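Everything below concerns the one structure shown next.
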Amino acid sequence: MPTPTISGPLRRVPVQGRSVARVQRMLDACADLVDEVGYEGLTTTLLAERAEVAIGSVYQFFPDKRAIVQAVTLRNMEAYLQRLARRFENEQYAHWWDAVDASIDEYVTMHRTVPGFRTLHFGNVVDLHLLDEHRDNNSVIADHLAKLLLERFPHLDPSRLSFALEIAFEAADSLIKLAFRRDSNGDERVLEETRALLREYLQRHVGD
């Protein structure tokens, strides 16, 4: 996982190699623990024990558990966008909604493989405005996705695309959660219906 570049939740940004590694251990421990005990069950004491650091080290970098979860969420968001950017660079798409399918694939893959992701998603469990105090978390992600798509498909109308992606991402998020409630690995029937619904919606509202 990449080191977070957004320092918002950090009380102090680690500079030395040992400090960076210590913070990463805390984030890894947080990601594992929220899957095991949930956000409500997470405590800074539990996190310090799992990360094998002193409780003072936790508070040296984070004011509370919410800030730690926010840092994990930001790390997940950056990882997701980096994965998408690499995929967009390496794959050819006949239509722009094929790239949206790729974004859904990466989202599902992170649910299956990244500790903490299926519990936290992009922070909605903790706070709808965890990534940006003025916008819902899913709106922030949809905006980033729109920028990636416009770089690849500049003929699209930016305002129509942004609005449609915000609706689509909200719908996809709910349906993917349903898929993972029905099956711990994601119910493939629900996931396929999600792709079909989003493609039909996006074609109708954004076009070719």
Side-chain angles (χ1 to χ4, degrees), residues 1-6 31 72-125 128-132 134-183 185-208:
M1 283 289 187
T3 302
T5 58
I6 303 174
V72 172
T73 302
L74 290 169
R75 184 173 74 167
N76 286 344
M77 182 185 75
E78 292 180 353
Y80 175 69
L81 294 173
Q82 287 177 6
R83 289 166 73 137
L84 278 188
R86 286 195 298 268
R87 189 160 177 173
F88 286 8
E89 288 174 3
N90 295 325
E91 295 180 358
Q92 296 295 320
Y93 302 112
H95 298 284
W96 68 272
W97 55 78
D98 292 328
V100 175
D101 276 350
S103 73
I104 296 171
D105 288 343
E106 291 298 335
Y107 194 63
V108 170
T109 297
M110 289 186 73
H111 270 73
R112 290 172 172 159
T113 62
V114 177
F117 192 83
R118 75 169 61 186
T119 301
L120 298 175
H121 304 281
F122 286 120
N124 292 358
V125 173
L128 282 172
H129 300 109
L130 193 61
L131 300 176
D132 185 322
H134 302 296
R135 294 183 295 164
D136 288 356
N137 300 330
N138 284 347
S139 297
V140 175
I141 301 301
D143 184 55
H144 281 287
L145 178 56
K147 290 176 181 175
L148 286 174
L149 287 171
L150 288 167
E151 289 175 2
R152 186 72 176 270
F153 305 96
H155 68 281
L156 296 173
D157 181 276
S159 60
R160 291 176 65 187
L161 178 65
S162 294
F163 179 75
L165 282 178
E166 186 173 349
I167 300 298
F169 201 91
E170 196 70 38
D173 189 37
S174 296
L175 289 168
I176 290 170
K177 287 174 184 174
L178 171 63
F180 281 87
R181 287 199 302 271
R182 290 170 64 110
D183 184 321
N185 199 44
D187 188 311
E188 283 297 339
R189 293 175 303 169
V190 176
L191 295 174
E192 283 305 311
E193 286 298 307
T194 300
R195 293 183 181 91
L197 285 169
L198 293 190
R199 177 170 293 206
E200 181 181 348
Y201 170 78
L202 290 169
Q203 283 183 270
R204 188 168 69 248
H205 289 274
V206 183
D208 294 336

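From a predicted model like this one, the values you see are computed outputs, not experimental measurements.
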Which atoms form the tightest heavy-atom contact between A146 and L161, and what is the distance?
O-CD2, 4.0 Å

Excluding sequence neighbours, so at least two apart, what forms salt bridge (Lys or Arg N to Asp or Glu O under 4.0 Å) with E193?
none

Of all residues at least two apart in sequence or in a different chain, which pass the side chain to side chain donor-acceptor pair (under 3.5 Å) check with R118?
none

Side chain to side chain donor-acceptor pair (under 3.5 Å) with T113: which residues, sequence neighbours excluded?
none

When rounded to the nearest 0.5 Å, the distance separating CG of L149 from CD of E151 is 9.5 Å

Set of residues satisfying ring-ring contact (aromatic ring centres under 6.0 Å, His included) with respect to H144, sequence neighbours excluded:
none

Residue list, salt bridge (Lys or Arg N to Asp or Glu O under 4.0 Å) with E166, at least two apart or on another chain
none

So which heavy atom on D98 is nearest to which on R199, and how close?
OD1-NH2, 2.7 Å

State plainly whether the residues R135 and D143 are in salt-bridge range, i.e. N to O under 4.0 Å.
yes

Pairwise distance CG(L202) to NE2(H95) - rounded to 0.5 angstrom:
13.5 Å

Can you name the closest pair of heavy atoms from L198 and A168 and give their distance?
CD2-O, 3.5 Å

Restricting to ring-ring contact (aromatic ring centres under 6.0 Å, His included), what partner residues turn up for F117, sequence neighbours left out?
Y107, H111, F122

Working to the nearest 0.5 Å, report the span between CG of N138 and OG of S174.
8.0 Å

Please enumerate all residues that pass side chain to side chain donor-acceptor pair (under 3.5 Å) together with R160, with sequence neighbours excluded.
none

R189 atom CZ: more than 12 heavy-atom contacts under 6.0 Å
no

Where is the tightest heavy-atom contact between F180 and N185, given as atom of each residue plus distance?
CE2-C, 3.6 Å

Would you call V190 and D183 a side-chain contact if the rule is heavy atoms closer than 4.5 Å?
no

With sequence neighbours excluded, residues passing salt bridge (Lys or Arg N to Asp or Glu O under 4.0 Å) with E91:
R87

Short question: side chain of N90, backbone of R86 - any donor-acceptor pair under 3.5 Å?
yes

Atom pair CG/CG of L191 and L178 - distance to nearest 0.5 Å:
9.0 Å

For R181 and D187, run salt bridge (charged side-chain N to carboxylate O under 4.0 Å, His left out): C-alpha distance rounded to whole Å, both residues' side-chain angles, the deciding distance at 0.1 Å, then the answer.
CA-CA 8 Å; R181 287 199 302 271; D187 188 311; over 6 Å; no

Distance in Å, L165 CG paired with L148 CG, rounded so as to fall on 0.5 Å steps
10.5 Å

Answer yes or no: is there a side-chain heavy-atom contact under 4.5 Å between L156 and L150?
yes

Residues which pass salt bridge (Lys or Arg N to Asp or Glu O under 4.0 Å) with R152, listed by chain and number, not counting sequence neighbours:
none

If you measure from CD on Q82 to CE on M77, what distance do you get to the nearest 0.5 Å?
10.0 Å

Check L84 against S103 and note the closest heavy-atom contact, atom names and distance.
CD2-CA, 3.4 Å

Sorted by chain and residue number, the ring-ring contact (aromatic ring centres under 6.0 Å, His included) partners of Y201 (sequence neighbours excluded) come out as H205

Charged N-O contact under 4.0 Å between E192 and R195
yes

Do V108 and I104 come close enough that some side-chain heavy atom pair is under 4.5 Å?
yes

Report the residues that fulfil ring-ring contact (aromatic ring centres under 6.0 Å, His included) with Y93, sequence neighbours left out, ordered by chain and then residue number.
F88

Please tell me whether S139 and N137 have a donor and an acceptor in their side chains that are separated by less than 3.5 angstrom.
no

Partners meeting side chain to side chain donor-acceptor pair (under 3.5 Å) with E200 (sequence neighbours left out):
none

